[in-house]
Amino acid sequence: MSDQMSRITLARRPEGAPVPDDFKFETCDIPSPGDGEVLIEVTHLSLDPYMRGRMDDSESYAASVELGETMTGQGVGRVLESKADGFSKGDTVTGMTGWASHAILSGGEARKLDDRLPPSTALGVLGMPGLTGWAGLKLYGKPKKGETLVVGAATGPVGSMVGQLAKAEGLRTVAIAGGEEKCRIATEKFGFDAAIDHHAHDSAESLRDAVSEAAPDGVDIYWENVAGPLLEAVLPLMNQHGRIPLCGMVAWYDGKNIKDTNQLPSVWRAILVNRLQVTGFISFDHFDRMDEFHEEVGPKVANGEIAYLEDVAEGLKNAPEAFIAMLKGGNTGKQIVKL
Ligand SMILES: NC(=O)c1ccc[n+]([C@@H]2O[C@H](COP(=O)([O-])OP(=O)(O)OC[C@H]3O[C@@H](n4cnc5c(N)ncnc54)[C@H](OP(=O)(O)O)[C@@H]3O)[C@@H](O)[C@H]2O)c1
């Protein structure tokens with residue numbers, strides 16, 4: 001076995017949308033695990049929109065990646081060497097490996113995976129994004145039979161989980177997705193009642209007309225993944241006492257296209273007039289419910305009741321390109337990198 005590993009570091013902070021030169025591919029020595037640690041060979045890496053925020057040097061709910069540091073991220077891999085109780089060579093585990101071929105994790109950070117499902121599911125449908133959709137919908141969406149839910153980025157791991165769970169609860173589900181193919185996937189694979197291609201609308205007003213047609217009884221839950229023109233389109237369609245689980249705002253992560261922020265008074269007014277509940281939340285606040293999530297949703301994934309879709313890029317070197325594309329909607333399903 002080579003004693004060298006590869007990793008991708010943050011070379012510089014992006015200005016607007018990230019570009020390949022913001023990342024650096026490097027090789028270095030494989031570290032050795034200390035007491036209580038395991039050495040992992042990473043097989044799959046998760047690419048998630050939140051990583052864009054970690055590339056900035058601004059205050060957030062988690063620390064920024066420092067320049068020269070390995071990009072943060074969750075991976076799945078095999079244990080090559082264990083000095084931690086409960087882990088043996090060959091175990092499949094997941095943890096925050098970073099964008100790297102190998103990683104050291106403490107026994108407390110690593111989680112052993114059930115071998116009955118593909119390991120990549122621990123990064124998407126049964127990982128952080130799936131948990132986010134499941135917990136957020138229960139706690140903040142509070143779905144009720146007969147209501148209508150609208151979600152953007154609907155074919156991604158969060159949106160597709162939210163849509164399927166809401167549909168199973170008897171809601172009308174409306175997907176907003178980028179492109180005809182994603183709309184087809186939203187209805188055929190994920191069971192949405194209607195799907196709207198946001199690329200086909202060049203204004204929030206036009207998108208609003210389409211959402212209004214797809215949601216004739218108004219919107220009770222707007223699951224916020226995107227913000228930007230989607231928020232502007234959907235907010236006026238909210239029913240009284242509607243809920244907005246504020247999960248993400250990927251359209252604004254690059255700090256561009258935020259001209260709509262001068263609409264704050266109208267947003268605030270809509271929340272007041274319609275007595276909306278808007279709840280921001282972060283997945284890791286709910287990590288203590290991971291076992292409950294797996295117990296409830298794991299069997300449904302195994303028997304196909306909950307569908308999932310993965311978009312797999314090959315090779316660590318291609319992670320930056322896949323990440324850059326994902327932030328512009330280039331992914332179809334949960335973005336994974338197979339190492
Ligand atoms: N709060 C939390 O703890 C938490 C946890 C996980 C994820 N999230 C958030 O949840 C959202 C979805 O995450 P995910 O992992 O499921 O991502 P994802 O859907 O796999 O990927 C992001 C998607 O966002 C859409 N998008 C990007 N820019 C857009 C724009 N300008 N306008 C409209 N759509 C755009 C694209 O889908 P289309 O091509 O279909 O538009 C793209 O495929 C993100 O905002 C993410 O940050 C939050």
Side-chain angles (χ1 to χ4, degrees), residues 16-18 46-55 60-62 73-74 123-125 127-137 139-141 150-164 174-186 190 192 195-202 204 207 211 222-234 244-260 278-287 289 293 308-313 322-337:
S46 177
L47 296 180
D48 296 272
Y50 77 82
M51 295 165 174
R52 172 64 189 84
R54 305 290 168 87
M55 298 174 79
S60 186
Y61 57 86
Q74 188 185 349
L123 305 177
V125 65
M128 182 280 286
L131 172 81
T132 301
W134 173 82
L137 187 66
L139 296 171
Y140 314 119
V150 175
V151 59
T155 58
V158 175
S160 59
M161 176 63 75
V162 166
Q164 291 180 91
V174 178
I176 303 178
E180 283 179 19
E181 174 62 3
K182 287 190 183 180
C183 287
R184 188 189 63 73
I185 290 168
F190 297 124
F192 281 91
I196 297 161
D197 174 7
H198 65 84
H199 292 160
H201 299 274
D202 57 6
L207 182 59
V211 177
Y222 171 51
W223 181 282
E224 179 64 296
N225 275 339
V226 177
L230 273 67
L231 172 62
E232 204 182 330
V234 180
I244 304 183
L246 203 178
C247 177
M249 38 190 197
V250 62
W252 287 338
Y253 288 171
D254 286 335
K256 299 231 162 134
N257 307 319
I258 308 196
K259 56 184 185 305
D260 5 36
V278 182
T279 315
F281 68 101
I282 301 295
S283 60
F284 54 63
D285 296 337
H286 306 291
F287 278 178
R289 298 186 72 173
F293 166 59
Y308 67 96
L309 185 63
E310 293 176 349
D311 192 334
V312 183
F323 177 67
I324 291 166
M326 178 189 69
L327 291 172
K328 297 178 186 150
N331 60 316
T332 304
K334 167 68 206 162
Q335 186 65 60
I336 305 273
V337 181

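Keep in mind it's a predicted model, so treat the numbers as computed, not measured. Remember, it's 1-based here, ligands and their atoms both numbered in the order they're listed.
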Counting each atom of ligand 1 from 1 as listed, which ones have a heavy atom of [X] under 4.0 Å away?
{"X": "N225", "answer": "10 (O), 11 (C), 12 (C), 44 (C), 45 (O)"}
{"X": "K182", "answer": "37 (O), 38 (P), 39 (O), 40 (O), 43 (O)"}
{"X": "A177", "answer": "40 (O)"}
{"X": "S283", "answer": "2 (C), 3 (O)"}
{"X": "G329", "answer": "36 (C), 39 (O), 42 (C), 43 (O)"}
{"X": "I282", "answer": "1 (N), 3 (O)"}
{"X": "M249", "answer": "45 (O)"}

field: F284 to ligand 1, any heavy atom closer than 4.0 Å
entry: no

message: How close do A322 and Q335 get, counting heavy atoms only, and between which atoms?
response: CB-NE2, 3.9 Å

message: Below 3.5 Å, N or O to N or O, backbone or side chain included: is there any such pair between G178 and ligand 1?
response: yes

task: Output yes when the distance from some N or O of ligand 1 to some N or O of L230 is under 3.5 Å, and no in every other case.
output: no

Under a 4.0 Å heavy-atom limit, does [X] contact ligand 1 with its side chain, its backbone, both, or neither?
{"X": "F281", "answer": "backbone"}
{"X": "T132", "answer": "side chain"}
{"X": "H198", "answer": "side chain"}
{"X": "Q335", "answer": "neither"}
{"X": "L327", "answer": "backbone"}

For [Y], is there any backbone N or O sitting under 3.5 Å from a side-chain donor or acceptor partner on [X]?
{"X": "K328", "Y": "A17", "value": "no"}
{"X": "K334", "Y": "V312", "value": "no"}
{"X": "K182", "Y": "N331", "value": "yes"}
{"X": "E224", "Y": "V226", "value": "yes"}

message: Parallel, tilted or perpendicular: which one describes the rings of W223 and F281, with boundaries at 30° and 60°?
response: perpendicular

- request: Kindly write out the residues that satisfy ring pair (Phe, Tyr, Trp, His ring centres under 6.0 Å) with H201, not counting sequence neighbours, or none if the list is empty.
  value: none

message: Suppose we screen for ring pair (Phe, Tyr, Trp, His ring centres under 6.0 Å). Which residues come up paired with Y50, at least two apart in sequence or across chains?
response: none

- request: Just go through V250, D285, L131 and tell me whose heavy atom is the nearest to atom 24 (O) of ligand 1.
  value: V250

message: Are L246 and Y140 packed together at the side-chain level, in the sense that at least one heavy-atom pair is separated by less than 4.5 angstrom?
response: no

